[in-house]
Amino acid sequence: MADPTPGRWRALTFLSLAELGALSLWFSAAAVLPSLSREWQLGDGGRAGLTIAVQAGFIVGTFASALANLPDIVSPRIVMLWSAVVGALLNVVLALWVGSLTPALALRFATGLCMAGAYPPAMKIVATWFRSGRGLAIGILALLGALILWLLVTEGPDRFPPARFDLHMAGAVFRERGPRLACFGYFGHMWELYAMWAWLGLFLGASLEAHGGGSSYLGLNAPAATFVTMGVGGALGAYAGGALADRWGRTTLTMAAMALSGLTAATIGLTFGGPPAVTFFLAFLWGVTVIADSAQFSTAVTELCPPAYVGTALTAQTCVGFALTIISIWLIPPVVRVVGWHWAFSLLAPGPALGVLAMARLRGSPEAVRMAGGRR
């Protein structure tokens with residue numbers, strides 16, 4: 001049955017715009033990484049560090065937030081608002097007054113702390129507006145900031161019950177079988193996702209250079225092809241994944257998406273230096289499938305966890321997931337040096353493979369009927 005809650009799509013639209021603006025801070029350094037690499041003479045460690053510093057800050061922030069039950073005690077709207085404001089100020093300082101790696105790493109770490117207050121609370125707000133179609137809603141959310149949030153976003157009518165501080169609730173998501181399996185699926189997904197986002201652009205550039213002959217990806221240079229892959233492909237994947245998950249079921253969609261993305265991770269390197277059209281096709285397919293399942297793990301947690309502590313559960317889930325991204329992001333450059341780009345991304349394939357196994361076990365559990373209106 002359709003959710004009759006009035007104003008839910010308006011709320012989702014404004015919240016998505018706010019989230020898009022807030023999370024743009026996450027990738028602001030990556031957007032200018034080639035320029036920073038030249039100006040600051042960065043090696044592989046420095047380039048990876050600018051991404052990993054944000055991940056590390058996010059992990060610390062989500063860990064502290066989960067221990068304090070912050071997303072369930074303080075209004076998620078207020079948490080998002082101040083996180084976006086402080087994150088934006090930190091980015092201004094980095095852009096205008098920083099000219100070397102060390103202070104940049106400190107500011108990017110602090111930005112990650114702010115992102116911990118911008119991402120999990122947004123998912124909780126969505127859940128207060130959407131009792132059905134929640135997977136689609138959170139998928140769209142994954143797609144101008146604090147002003148929009150302050151003026152136009154409120155929590156929905158289906159609010160979760162108030163919570164009291166309980167230190168043990170930070171780990172409750174891992175004690176119950178259903179939420180634990182959903183988290184394990186998410187961890188496999190995260191092992192792949194951010195390393196792909198961090199290094200695909202360099203892979204596409206190196207592949208064109210190896211192919212030679214002034215080649216391009218269907219008329220696109222490597223940066224443009226990277227944008228199409230992660231921007232256009234990612235948007236398609238987020239929307240399609242959310243819509244299909246509410247129809248097919250969470251586990252069906254996530255298993256299919258992870259099987260395809262893991263297969264692409266294992267094979268895209270075989271096209272390195274080969275026909276650019278083939279490489280671009282696989283890269284675009286990867287961009288669609290790697291994100292198609294992303295929102296469904298969080299949605300599953302909102303459906304499987306005690307309602308009063310949904311915010312804490314989401315924060316704990318993302319904390320551990322992002323901790324894994326530090327390892328996979330850091331590993332790709334040394335693997336490239338040892339085996340080359342032909343096999344480097346295959347390192348990411350075990351993540352989604354294990355994720356498929358976790359979601360298959362969740363599908364067979366009694367708790368699965370609580371997801372997607374009983375469609376598992």
Side-chain angles (χ1 to χ4, degrees), residues 16-17 20-21 23-39 42 44 47-48 50-51 54 95 139-140 142-144 189 192-241 257 260-294 325 328-329 332-333 335-336 339-349 352:
S16 297
L17 291 172
L20 178 64
L23 293 186
S24 67
L25 299 173
W26 202 311
F27 301 103
S28 58
V32 295
L33 189 57
S35 298
L36 292 180
S37 297
R38 291 191 299 269
E39 293 177 12
L42 299 179
D44 287 340
R47 286 192 292 267
L50 286 173
T51 298
V54 185
I140 293 174
L143 297 175
L144 218 151
H189 158 76
E192 175 190 24
L193 177 63
Y194 274 81
M196 180 268 200
W197 279 352
W199 301 116
L200 182 66
L202 287 179
F203 168 83
L204 292 176
S207 183
L208 272 188
E209 186 177 344
H211 186 264
S215 54
S216 66
Y217 293 109
L218 303 179
L220 302 173
N221 61 16
T226 303
F227 171 78
V228 170
T229 294
M230 293 191 284
V232 178
L236 287 173
Y239 179 82
L260 286 173
S261 66
L263 180 63
T264 308
T267 58
I268 191 171
L270 300 178
T271 72
F272 181 79
V278 177
T279 304
F280 181 64
F281 170 78
L282 285 179
F284 188 82
L285 176 64
W286 201 8
V288 172
T289 57
V290 78
I291 198 64
D293 55 346
S294 190
T325 69
S328 58
I329 289 171
I332 292 296
V335 171
V336 170
V339 300
W341 279 115
H342 290 88
W343 299 107
F345 281 139
S346 62
L347 174 73
L348 305 180

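Note: hydrogens, waters and symmetry copies are ignored here, and every other heavy atom, side chains too, is used.
No side-chain heavy atom of F227 sits less than 4.5 Å from a side-chain heavy atom of L220. Side-chain atoms of L347 and S328, non-hydrogen and from C-beta on, never get closer than 4.5 Å to each other. Between T271 and S207 there is no side-chain heavy-atom pair separated by less than 4.5 Å. In this structure, L263 and T289 have side chains that are not in contact, with every pair of non-hydrogen atoms separated by 4.5 Å or more. Contact annotation: the side chain of L208 never approaches that of L204 to less than 4.5 Å [non-hydrogen atoms, C-beta and beyond]. Within the 4.5 Å cutoff, side-chain heavy atoms of I332 are placed close to those of L348. Between V228 and F280, the closest side-chain pair of non-hydrogen atoms falls below 4.5 Å. Taking the side chain as every heavy atom from C-beta outward, W343 and V336 never approach each other to under 4.5 Å.
Screening W197, F345, W286 for a side chain to side chain contact (heavy atoms under 4.5 Å, CB included) involving E192 leaves a single residue, W286.
A distance of 5.0 Å separates CD1 of I291 from CG of L193, quoted to the nearest 0.5 Å. The distance from the CG atom of L270 to the CG atom of L282 is 9.0 Å, given to the nearest 0.5 Å. How far CG of L285 is from OG1 of T264: 4.0 Å, rounded to the nearest 0.5 Å.
The two residues A277 and L218 come nearest to each other via the heavy atoms CB-CD2, 4.1 Å. Nearest heavy atom pair, residue I329 against residue T51, reads CD1-CG2, 3.8 Å.
In this pair, W341 and F203 present their aromatic rings perpendicular. The plane angle is above 60°, beyond the 30 to 60° band.
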